[in-house]
Amino acid sequence: MATELYDRFDRDGYLIVDDFFSSSEVSELLKAGRTLPKQAPKEDRSAFQNQNRDKYFIESGDKIRFFFEADALGPNNELLVPEEYSLNKVGHSLHVDHPVFRKYTFDNRVRELCWQLGFQRPAVAQSMYMFKNPNVGGEVTSHQDATYLYTEPSSVVGFWIALEDATLENGCLKFIRGSHKNGIHRRFVRNSDPSSKEILIYDKPECVYQMSNFTAMPVKAGTLVVIHGSVVHRSEPNRSKNSRHAYTFHVIETKGTRWSADNWLQPNEPFPILYER
Ligand SMILES: O=C(O)CCC(=O)C(=O)O
Ligand SMILES: [Fe+2]
């Protein structure tokens, strides 16, 4: 592949595509996202931070499930903030089970971009709506997406679409430019120890990355950020008054690759494909 777009992605490990969705399309996605908190469970609130011990997370691959911000819940899981500001994210089957998110995930512009990146038979493995709400919106610690969504050989690419302006104040994405060239540093896998309470574990300790190596990527609503599976990225907590909603989904190559049996996400049906070359 010798497109300029591919060359930039290959050099940096990420790609910024301005105005990927129009403002009226962004409004439709935002409206769908803003109705999600009303559908969240009123009891049995599962904070995102409890994912290791939580079956709620591991079973969410083919469901629309709700993950609360730790700072939004009190000791008895009561809401400490208004319902609309309480969620960290919703995942992981919006691209299958929600008509609006399905429509934009399987949009021809997404297919075209996958084509330009060289995908042969791309499929969508998962999707998430990220809220990053004012005050409570937590940090996303430095990571590589291939740690969580691993194919052999690695092929995952994230599509992250800002539905509100992402700024330095509300926790825009930050990247270590070029870090996708240095391999996958650790994996998040199903625990083979049946006696352990932890269903999912990391196979290696947390990596330490130099904060000064990160480049912040503030973007306008409607911008697509394409994220290489091996590029190190993060986002800071939102301590501002503005939310930072985003819709994100992950594409994998299904031709000539194998989905890892160790991944937390194990599909009951084949992942839906975008096209076959
Ligand atoms: O929305 C964020 O802050 C992080 C999202 C992310 O890491 C991803 O979509 O891969
Ligand atoms: Fe990520």
Side-chain angles (χ1 to χ4, degrees), residues 9 12-17 20 26 29-30 33 36 48-49 51 57 60 67 69-71 87-95 101 104-105 110 113 124-151 154-177 179-180 184-188 202 206-207 209 214-240 242-252 263-265:
F9 183 62
D12 296 337
Y14 57 87
L15 194 62
I16 311 290
V17 186
F20 188 71
V26 167
L29 284 158
L30 207 47
L36 292 171
F48 178 49
Q49 276 70 13
Q51 61 175 267
F57 176 80
S60 67
F67 301 91
E69 286 289 359
D71 287 352
L87 293 176
N88 170 289
K89 67 172 187 178
V90 173
H92 289 91
S93 74
L94 291 164
H95 65 295
F101 296 106
Y104 288 103
T105 308
V110 173
L113 221 135
V124 183
Q126 65 151 46
S127 50
M128 299 184 282
Y129 193 91
M130 314 291 293
F131 291 86
K132 191 75 100 174
N133 277 313
N135 302 314
V136 291
E139 171 189 20
V140 175
T141 57
S142 308
H143 69 280
Q144 301 167 297
D145 292 345
T147 290
Y148 301 94
L149 303 167
Y150 188 68
T151 63
S154 185
S155 65
V156 68
V157 170
F159 283 65
W160 186 98
I161 297 143
L163 303 180
E164 297 178 302
D165 293 351
T167 65
L168 295 176
E169 292 75 31
N170 70 7
C172 67
L173 294 177
K174 294 181 172 181
F175 292 90
I176 302 184
R177 184 178 288 167
S179 57
H180 61 302
I184 296 156
H185 307 157
R186 62 173 183 162
R187 303 252 330 264
F188 186 58
Y202 290 98
E206 196 172 355
C207 307
Y209 302 105
F214 284 88
T215 305
M217 282 290 148
V219 295
K220 292 259 172 252
T223 303
L224 165 69
V225 183
V226 188
I227 306 174
H228 191 287
S230 303
V231 78
V232 178
H233 58 288
R234 59 176 287 107
S235 66
E236 307 302 333
N238 183 0
R239 299 288 175 235
S240 80
N242 301 314
S243 56
R244 194 227 62 185
H245 288 204
Y247 174 57
T248 178
F249 57 90
H250 286 84
V251 173
I252 55 150
N263 286 335
W264 74 266
L265 174 61

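In listed order, ligands and their atoms are each counted from 1.
- Side-chain contact between Phe188 and Asn263 is absent, with no heavy atoms from C-beta onward closer than 4.5 Å.
- Aromatic pair Tyr247/Tyr129: centroids not less than 6.0 angstrom apart.
- Protein N, O or S atom count below 2.8 Å of the Fe ion (ligand 2): the structure gives 3.
- Side-chain atoms of Thr105 and His95 include no donor-acceptor pair closer than 3.5 Å.
- Nearest approach of Leu30 to Glu164, heavy atoms of both residues: CD1-CG, 3.9 Å.
- For ligand 1, the atoms lying closer than 4.0 Å to a non-hydrogen atom of Trp160 are 1 (O), 2 (C), 5 (C), 9 (O).
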Working for side chain to side chain contact (heavy atoms under 4.5 Å, CB included), residues Arg234 and Phe214: CA-CA 8 Å; Arg234 59 176 287 107; Phe214 284 88; 3.5 Å; yes

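- The nearest heavy-atom contact from the protein to atom 3 (O) of ligand 1 is Ser235 OG, 2.6 Å.
- Taking the six-membered ring for Trp, Trp264 and Phe57 have ring centres closer than 6.0 Å.
- Shown in contact with His143 at under 4.0 Å from a heavy atom are these atoms of ligand 1, numbered in order with element: 7 (O).
- Checked against the 6.0 Å centroid threshold, His250 and Phe159 do not count as a close aromatic pair.
- Nearest protein neighbour of atom 8 (C) of ligand 1, counting heavy atoms only, is His233 NE2, 4.0 Å.
- If you check which protein heavy atom lies closest to atom 4 (C) of ligand 1, you get Leu173 CD2, 3.7 Å.
- The two residues Ser154 and Ser230 come nearest to each other via the heavy atoms OG-OG, 4.4 Å.
- Considering only non-hydrogen protein atoms, atom 9 (O) of ligand 1 sits nearest to Thr248 OG1, 3.1 Å.
- Of the polar atoms of Asp145, at least one N or O is found under 3.5 Å from an N or O of ligand 1, judged by distance alone.
- Listed by atom number, the atoms of ligand 1 under 4.0 Å from Met130 heavy atoms are 1 (O).
- Side-chain rings of Tyr202 and His143 stay apart, their centers remaining 6.0 Å or farther from each other.
- Looking at Arg244 against ligand 1, only its side chain comes within 4.0 Å, counting heavy atoms.
- Taking a cutoff of 4.0 Å between a charged side-chain nitrogen and a carboxylate oxygen, Glu236 and Lys174 qualify as a salt bridge.
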